[in-house]
Q: 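To start, I am sharing the structure in question, which I have written as C-alpha cells.
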Amino acid sequence: MSQPDGRELAARLRDRDLAAAPAVLNLVETRTGAARAQAAELLAALSPAALGGEAKAHIVGVTGPPGAGKSMLLSQLLAAWRSRGQSVAVLAIDPSSRRSGGSLLGDRVRIESDPADGSVFVRSMAAGNRLGGLAPATRTAAAALAVAFDVVVIETVGVGQSETEVAEVADTVAVAVQPGAGDVLQFLKAGIMEVPDVLVVTKADLGRIAQRTHADLRAALSALGARETAVVAVSSVPPPVGFDELLAALDEHRRRLDLRARRLGARRAQALSEFATEHGERGLRALGGPRGAQRLLASLDPGLDVPALERALERRANDDRSVPDQPIG
Amino acid sequence: MTSPRLPEPDRPWLMRTYAGHSDAKRSNELYRRNLAKGQTGLSVAFDLPTQTGYDPDHELARGEVGKVGVSIAHRGDMATLLDGIPLEQMNTSMTINATAAWLLSLYIVAAEEQSPPTPESALQGTTQNDILKEYLSRGTYAFPPGPSLRLVADTIAYTVTRIPRWNPINICSYHLQEAGATPVQEIAFALANAIAVLDAVRDRVEPSLMGEVFGRISFFVNAGVRFVEEHAKLRAMAALWDELGRDRYGVADPAQRRFRYGVQVNSLGLTEAQPENNVYRICLEALGVTLGRDARARALQLPAWNEALGLPRPWDQQWSLRLQQILAYETDLLEYPDIFEGSKVMEALVAELAAGARAELERIAERGGAVEAVDYMKAALVESQRARWRRIESGEQTVVGMNRFQESEPSPLTAGADGGILVVDPSVERERCDAIEAWRAGRDQQAVAAWRASRDQAAVADALEQLGRVARDPGQSIMPASIAAARAGATTGEWAQALRDSFGEYRGPTGIGETAAPAGQDLAELRDEVERVSEALGRRLKLLVGKPGLDGHSNGAEQVAVRARDAGMDVVYEGIRLTPRQIATSAAHEGVHVVGLSILSGSHGELIPAVLEALREAGAGEVPVVVGGIIPEADAAALRDAGVAAVYTPKDWDLNRMIGDIVALVAERNSVPA
Ligand code: B12
Ligand SMILES: Nc1nc2c(ncn2[C@@H]2O[C@H](COP(=O)(O)OP(=O)(O)OP(=O)(O)O)[C@@H](O)[C@H]2O)c(=O)[nH]1
Ligand SMILES: [Mg+2]
C-alpha cells in the first residue's frame, strides 16, 4: 500500500468526503517515520488556525464498565443521529488481552448500522499496552474525523482512569451504568472518577432495579453538588426508551459548552501526553515538570495543532538540556 | 443357574439414514414413494433461510434457497409439500428451531385445509425446537434468548394441551460435542437447557400437566470415539434426568422420567486424511451407545466414511447402514441384559461424570440459568475446542492418519473420478448446477412475490399487527396469533420480521473474547514474525475473519481468529451470518491487511465471488483474500482463478502453519522483505 498524502487527505476531510475516513485511520495508526510526517501534515492542515475555528463535530465519549450496554445504546443513538441527517464516525476501543500483542476486535458488530450507509464509519482500535482506555491514535483520529463528520463517538471500556482520558478528548462524556452495578456509584462518591457530563442508566426495561440505580445516582450527584449532570435512563431493547431525552441531554451539554476552551485543553493534554510518552520523565523535568509544560503550552498560539505543540515542547526541552535537572515544583 | 441371557432378544433400535432433499415438490414425491412402501414417518429438513426466518428473496438467503432442505415460505408451500399425504396417519419430524412455532402453525393450517381435513388434535410428530443449542453451536437462531425460550414454552404448552401426540421438543447435546464440548459439558449444558425450558413451561401449564410435559421431552445425543466414557456419559445423563424429574418437577411416574434419546455419532473427529479410518471410528462410536441395555439409544444415525470430504453418495450411506445392521443382526449385542450392571469401573465413571456435571450445572445456576449463561457456555465451548486442537497439534492426542501414522498407500476409495463424494462434473455440470440454482432461486423469489400479491393484504397486515402485539405481551401465547397469520397467508419472513421488530435483532455471542491466550512456546517464532512484519508495516498486522451467508459452521473461523490473536495480530471477527456487503464494509473501515473467509456449507461458489465483488465496491479490492472450509479441489481452483490467494481445507490442521502463510502473504503484498 502506498503512503497516503497527509495534505490530500486533509483536503478530502475538509470537503467532508467521508470515504476518506479509512485512509485517515490507517495513516494516523501507522508509526513509521514517513507516516508520522504525513500525519503531522494532515493535522497541520486541519488545525483551528488552518480551519479558522474548531472542527464542527460533536465529539462524544461513551464509557462504562464491560457489558453495561454501551454498544447497544450506541446503535440507538446512531439511528437517531442518522434520522436527523447527521453523519457519524464511531471509534470503538477494544481492551482485549494483550499477552501476545494481538487482540480480538468484535465490538463493531454490536453497533448496528446499514453497511450501505456511507454516512456511518465504524473503526475498532486495539488499546495496545496503553493504560487509560484509549488506543494510541484515538485522539488524533477523533480530531481529524471531527472535521468531516457531524458526530464522532469514542466507545471505551472501564470506569475511573479511562473515563478521565476520554474526557480529555471528548466534548461530552457519557458514562453508562447498568442497573445494580455499584462500582460507578462508589467511584463517584470516592472521587476516583470525575463527574461525567451525562450519566446513562442502561437496561431500563429491567424495571425497579433500574429506577433504584437512577435514584441512587441522582442522590450521589446532588451530594457532590453536581446538579448540572443529567441522569438519563434508557432501554436499548425494543421498544427503545429514553433516547430523545439522552439526545437532548447530549445536545444541551454541547450547546452550553465553551467548545474552544475544551478543545484547546484537549490539544494541550494530548501534546503533553505524547511528549511524555516519547521523552519520559527526563524530558518532562527538562520542561520544569508538568506545570512548567502547561505554562509553556498556555503561552502558545491556541490555533496550533497537536504536533506543532509537541514540537514546541521538544524545542524547549532541547534548549534546556544544558541546564541541570531541576526538582519538580 | 440363571441364564445370562434375556428370555427374548431385544428389538433393535430405529436405524436412520440421513436423506437430503431440496424443494417442496421433490420432497413431496419422495414422501409419497416412501409412503407407498409402507413408511409412516416423514422427516423434513428445511433450508437455512426457512430455519432463520427469511424469505427466499432476502439478501441473506442468497445462495442458500433450497440448499440443505426445503424452502417453505407460506401455507401454499406447506400444502404442496404435504399434498396427497394423509396427515392423520403421518408421523412428521421437523428439524426446525427458531421458527418452530411458525412451521408448526403452517402444518396445522395445511392439515385443516386438506380434504378431508385433519384436526390438529390428531396430528403427530416432532419439532426439534431446541433454541439454546442454536446459540451455542448450530447457529440458526433468529431472536434473543429470552423471547426465543418463551416461543419454545408457548409451543410446548400449546401442543401438550391440544396436540397430545406431538413431541414439541428434542433437546440436542449432539451439536454441543460438535462444537467442542467435553462429556461433562455435554451433559450439563443439555440438562441446563432442559431446565430452562421446563421452568418456562411450568409458568404456562396446569401443575398437573408437568409429568406429561416432562415425559414428552426427548434428547438427541452425540457419541465420540472414547466409547467407554461415552457410554458412561449416557448412563450419567439418564440418572441425572431421573433425579431432575423427581426432585425439581415432582414427576411421580418413573416411566415419565425415562431418559429417551436418539444418537448421531461424532462427526467432528472424522478426518479428511486417510478417510477410510473413519469407518472404524464410526463403528466404535456406535458401540458406545448400543452396548449397555440400560442406556441404549432408541434411534441411531451414522455419518459416512467421507464425512470430512463432502456430501455422502447413496453407496456411502448404505455402507454406514450396513454397520448398524451387522451390530444388530450378526452380533449377540441384543441378547443380554445390561452388561455393565455391577461394573465398578462403569459405576465410578458415571459417578465422576455426574459429579462434574452437577458442579457445572451449579455454575450455570449461579448465572441465573441457561438463558443468562448463553455467553458463558459459548465461551466455554470455544475454549474446549481450542484445548482439543492444541492437544492434537502437540501430539498429546493422537488422531491416527492425521497427526500420527500419516504415511499411507494411495487410497482407492478416493481414486475415482468423483473423488469419493457426491459431486457433479466439476466444470460443465458445475455451471449447469449454478444455472439451475439461479433459476430455482429466481423462481422462488418470484413465487414469494406472486404469493404476496395474490392474498388479502389487509388481513395479512392485521394478522401481523396482532402477532406483534402478542409478542410484546409475554403473558400471551404466540401460537394462536401465528396460526391466524398462517391462515391469512403471511410469509415466513414476515412472521419472523414481526417478531424481530418486537424482540429486537439478535447476534449470538462468538465466545472468542474470553479465550485464554497461552504463553505457548511453540508460538514464539510466529509471534516474532508477526512483530517483525507489523513493525515494517508501521501498524499491527490486522486480519478480518468473515463468515458470509447463513452457514453456521463457526468452529474453524473461531479457532483461526483466536490463534491469529495469539500470534499477535489484531483480529476482527464478527460472528456468523454476515452479508458480503457487511464483510466488505468492515474490511474497508477497519483497514485490514488481509481477509480470511470460512465456508463449510457448500455455498462458497456463490458467496466468495460476491465478497470479492463487494470488496472492490467498498474500495478494498487490493486486500488479499484467503478461504478455508469444505472446498472440493475443483472449486478451489475456480476460486483461485477468481482472485482468492489461498484455499485451506481440514487437511491443513496445523493452525500455526496457516497463520504463518497469512503473515507471509501480507508481507509479500506490502513488499516487506522476507
Ligand atoms: C462440526 C460440524 C457441524 C457442527 C458445527 C458446529 C460449529 N459451531 O461449528 C453442527 C453440528 C452444528 C453442524 C451442522 C450442520 N452441518 Co456440519 N459439519 C461439521 C463437521 C463434522 C466438522 C466441521 C468442523 O468444525 N471441523 C473442525 C474445524 C476446526 O475445522 P474446519 O472448519 O474445517 O476448519 C479447518 C480448515 O477448513 C481451515 N479453515 C476453515 N475456515 C478457515 C478460515 C481461514 C481464514 C483459514 C485460514 C482456514 C480455515 O482451517 C481449519 C483448521 O484445519 C463437518 C464434516 C467434517 N468432518 O469436516 C460437517 C459438515 C461441514 N456439515 C455439513 C452439513 C450439511 C451440516 C448441516 C447443513 C446439516 C443439517 N442438515 O442440518 C448443518 C448446518 C447448520 C448451519 N447453521 O449451517 C456438511 C457440509 C456439506 C457440504 N459442504 O457440501 C459437512 C461437510 C458434513 C457432510 N459430509 O455432510 N455441522
Ligand atoms: N435487557 C437489556 N439488555 C441490554 C440492554 N442493552 C444491552 N443489553 C445487554 O447487555 C449486554 C451487553 O450489551 P453491549 O451493548 O454489548 O454492552 P457494552 O457495554 O458495549 O459491552 P462491552 O463493549 O463488552 O464492554 C448484551 O447482552 C445486551 O443484550 C437493554 O437496554 N436492556
Ligand atoms: Mg461494546
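We name chains A, B, ... by the order of the sequence lines, and we start the count at 1 in each one. Since we're looking at a predicted model, the values are computed, not measured.
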Q: Counting heavy-atom pairs under 4.5 Å with chain B, which one of A:S236, A:A116, A:P239 comes out on top?
A: A:A116
Q: With a 4.5 angstrom heavy-atom cut-off, which part of B:A564 approaches chain A: side chain, backbone, both or neither?
A: neither
Q: Need one label for A:V120: side chain, backbone, both or neither, based on atoms under 4.5 Å from any heavy atom in chain B.
A: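 Answer is backbone: N, CA, C or O of A:V120 sit under 4.5 Å from chain B.
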Q: Verify, without hydrogens or angle tests, whether B:R539 (side chain) and A:T32 (backbone) share a donor-acceptor contact under 3.5 angstrom.
A: no
Q: With no hydrogens and no angle check, do the side chains of A:R108 and B:S586 hold a donor and an acceptor under 3.5 Å apart?
A: yes
Q: Would you tell me whether B:Q466 and B:R469 have side-chain atoms, one donor and one acceptor, within less than 3.5 Å of each other?
A: yes
Q: Evaluate whether atom CZ of A:R16 has more than 12 neighbouring non-hydrogen atoms of other residues, nucleotides or ligands under 6.0 angstrom away.
A: yes
Q: For B:L537, which atoms come within 4.5 Å of any heavy atom of chain A: side chain, backbone, both, or neither?
A: backbone
Q: Using non-hydrogen atoms only, which part of A:R110 is less than 4.5 Å away from chain B: side chain, backbone, both, or neither?
A: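 Side chain only.
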Q: With a 4.5 angstrom heavy-atom cut-off, is it the side chain or the backbone of B:A561 that approaches chain A, or both, or neither?
A: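 Both parts, heavy atoms under 4.5 Å.
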Q: Taking side chain as everything from C-beta outward and backbone as N, CA, C, O, which of these in B:D375 sits under 4.5 Å from a heavy atom of chain A? Side chain, backbone, both or neither.
A: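 For B:D375, no heavy atom lies under 4.5 Å from chain A.
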Q: Sub-3.5 Å donor-acceptor pair from the side chain of B:E590 to the main-chain atoms of A:S124, do we have one?
A: yes
